[in-house]
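Working notes for the structure below.
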Amino acid sequence: MFDVRRQGSPRIESGAGYTSRGGWMPELPEVEIMCRNLARWSLGRPLCQVDVVDSAVDSGGVEEWARKARGRTVGRVWRRGKYAVVELADAEHSLVLHFRMTGKLVAADPERRSSVRIILRLAPEAGRPDCLVFDDARRLGNAWALATAELQDWFETSRKLGPEPWPVHRPAAFWASQLGSIRSPIKVALMRQDRVAGLGNIAASEILWRAGVSPTRQACSLSLEQWDRLAAAVPAFITDTIEREGGDEIAYVNSRGASSHGNPSPFSVYRCDGQPCPRCRAPIERFKQSGRSTFWCAACQEG
DNA sequence: GATACTGTTGGCCA
DNA sequence: CTGGCCAACAGTAT
Ligand SMILES: [Zn+2]
């Protein structure tokens, strides 16, 4: 009945993660793309210098890590929830980044950017950028330097992150198990990082629209069929978003602040209030849940 | 000029 | 335990 793929004529082309006003939200798919880009740019290369331009970004150990990182080689780069991890192949500590709302990791000349917080300077190499910048307009992002061996425990215990929703396949039983005892609305439950890590406000509305589930339903009231549709909608949203946004678009094009003014929205429902539902043409509605905007189609998301 | 709003996390409070 | 509100911050809309 409900196809988790987008239906109707697409509103897009610029990709999810971008608000209708051109702002950029680093949720799970965007952090995944940034990690892939960072790995592509820096894996196996020595760092010749790390500049902590804004010391307020340092939530623990980063300035010391930056001094010791000189000459060390970039190792694995990976994502956990909305966090990015940059390992060093020949040092015990990793750099951990959280982008909050406006943080991004880009290949750019730091002199030409206005909200630089950390600069990773790599030993020059033909074909790969020498300068990677943690750029963060609202300066709410965080960085830590932590022992690589203890990271999994840090994410679980200190950050209280639940399991990953992706890329491992999560069946209906997983969602029922993680969220099925929560009395909050399913939309609020989806954003609980301690139950499932990585889904944010945009993803929650988009996923529920794909699943055909009302955001107002109590999480503990969903039927098995609804958990099934949710289980299908989550990886569909994530992979669609990564595909749409992959490559260098995030890193190079939109990082320059390209305006989306006049462009169609990348979303099915997020910030599409008043526009016709891509599936049934009923107007998309907007309301607040726990202080956050929710967007949905009351006609085809069952309550 | 002032105020509201934006999304994420953590902290505080009832 | 729950759920709600606010701070942190900066830019944009009203
Ligand atoms: Zn609809």
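Just so it is clear, the values below take in all heavy atoms, side chains as well, and ignore hydrogens, waters and symmetry mates. As the structure is a computational prediction, the values presented were derived from the model and not from experiment. By convention in this document, chain letters (A, B, ...) are assigned in the order of the sequence lines, proteins followed by strands, and residues within each chain are numbered from 1.
Considering only residues two or more places apart in sequence or on other chains, A:T239 meets the side-chain contact (heavy atoms from CB on, under 4.5 Å) condition with A:W166. Legend: residues meeting side-chain hydrogen bond (donor to acceptor under 3.5 Å, both in side chains) with A:D136, ordered by chain and number and at least two apart, are A:T102, A:R117. Partners of A:D194 according to the side-chain contact (heavy atoms from CB on, under 4.5 Å) rule, which considers only residues two or more places apart in sequence or in another chain, are A:R192. Shown here are the side-chain contact (heavy atoms from CB on, under 4.5 Å) partners of A:R121, two or more places apart in sequence or in another chain: A:C48, A:Q49, A:D51, A:P110, A:I119, A:C131.
Among pairs with a residue in residues 138-157 of chain A, those fulfilling salt bridge (charged side-chain N to carboxylate O under 4.0 Å, His left out) read A:D54-A:R139, at least two apart in sequence or across chains. Applying the ring-ring contact (aromatic ring centres under 6.0 Å, His included) rule to pairs touching residues 112-150 of chain A yields A:Y83-A:W144, A:F99-A:F134, A:W144-A:W154, sequence neighbours excluded. Judged as a salt bridge (charged side-chain N to carboxylate O under 4.0 Å, His left out), the pairs with a partner in residues 55-67 of chain A (not counting sequence neighbours) are, in order, A:E64-A:K68.
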Please tabulate, for the side chains in residues 69-77 of chain A, all donor-acceptor contacts under 3.5 angstrom to protein atoms that are two or more places apart in sequence or on a different chain.
{"unit_1": "A:R72", "atom_1": "NH1", "unit_2": "A:D90", "atom_2": "O", "d": "2.9"}
{"unit_1": "A:T73", "atom_1": "OG1", "unit_2": "A:D90", "atom_2": "OD2", "d": "3.4"}
{"unit_1": "A:R76", "atom_1": "NE", "unit_2": "A:E87", "atom_2": "OE2", "d": "3.4"}
{"unit_1": "A:R76", "atom_1": "NH2", "unit_2": "A:E87", "atom_2": "OE2", "d": "3.0"}

Donor-acceptor contacts, no H, no angles, side chain residues 171-186 of chain A, under 3.5 Å, sequence neighbours left out:
{"unit_1": "A:W175", "atom_1": "NE1", "unit_2": "A:R170", "atom_2": "O", "d": "3.4"}
{"unit_1": "A:Q178", "atom_1": "NE2", "unit_2": "A:R195", "atom_2": "O", "d": "2.8"}

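Annotation: C:dC9 and B:dG1 have their P atoms spaced 23 Å apart (nearest Å). Using P as the reference atom, B:dT3 and C:dC6 are 16 Å apart when rounded to the nearest Å.
Rounding to whole angstrom units, CD of residue A:Q193 and C1' of B:dG11 are separated by 17 Å. Between A:I202 atom CD1 and B:dT6 atom C1' the separation is 10 Å, expressed in whole Å. Atom CZ in A:R113 sits roughly 15 Å away from atom C1' in C:dG11 (whole-Å rounding). Rounded to whole Å, atom C1' of B:dT6 lies 14 Å from atom CE of A:M191. A straight line from CZ of A:F155 to P of B:dG10 spans 12 Å, rounded to a whole angstrom. Protein atom NZ of A:K288 is 12 Å distant from nucleotide atom P of B:dA4, rounded to whole Å.
Between the side chain of A:T148 and the backbone N or O of A:E92, at least one donor-acceptor pair lies under 3.5 Å.
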Identify each atom pair where a protein N or O and an N or O of nucleotides 2-4 of chain C are less than 3.5 Å apart, giving names and distance.
{"unit_1": "C:dG3", "atom_1": "OP1", "unit_2": "A:S184", "atom_2": "N", "d": "3.2"}
{"unit_1": "C:dG3", "atom_1": "OP1", "unit_2": "A:S184", "atom_2": "OG", "d": "2.0"}
{"unit_1": "C:dG4", "atom_1": "OP2", "unit_2": "A:S290", "atom_2": "OG", "d": "3.2"}

Sort me out a list of protein N/O and nucleotides 7-10 of chain C N/O pairs below 3.5 Å, or just none if empty.
{"unit_1": "C:dC9", "atom_1": "O2", "unit_2": "A:R138", "atom_2": "NE", "d": "2.4"}
{"unit_1": "C:dC9", "atom_1": "O2", "unit_2": "A:R138", "atom_2": "NH2", "d": "2.8"}
{"unit_1": "C:dC9", "atom_1": "N3", "unit_2": "A:R138", "atom_2": "NH2", "d": "2.6"}
{"unit_1": "C:dA10", "atom_1": "OP1", "unit_2": "A:R139", "atom_2": "NH1", "d": "2.7"}
{"unit_1": "C:dA10", "atom_1": "N1", "unit_2": "A:R138", "atom_2": "NH2", "d": "3.3"}
{"unit_1": "C:dA10", "atom_1": "N3", "unit_2": "A:R138", "atom_2": "NE", "d": "3.3"}

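Look at A:H98 and you'll find a side-chain N or O under 4.0 angstrom from OP1 or OP2 of B:dT9. For B:dT6, the OP1/OP2 oxygens have no side-chain nitrogen or oxygen of A:R271 closer than 4.0 Å. At B:dT9, none of the side-chain N or O atoms of A:K160 fall inside 4.0 Å of OP1 or OP2 (strictly under the cut-off).
Residue contacts shown for A:S115 are absent, as no nucleic acid heavy atom lies under 4.0 Å away.
A stem is defined here as three or more consecutive Watson-Crick or G-U pairs, each with both distances under 3.5 Å; for DNA chain C these stems are B:2-6 with C:10-14, B:8-14 with C:2-8.
Salt bridge A:R79/A:E164: present, at least one basic N to carboxylate O contact under 4.0 Å. Contact check on A:R45 versus A:E125 returns a salt bridge, with a Lys/Arg side-chain nitrogen under 4.0 Å from an Asp/Glu carboxylate oxygen.
Minimum atom distance to the side chain of A:E27 is reached by B:dT8, of the listed B:dC5, B:dT8, B:dT9.
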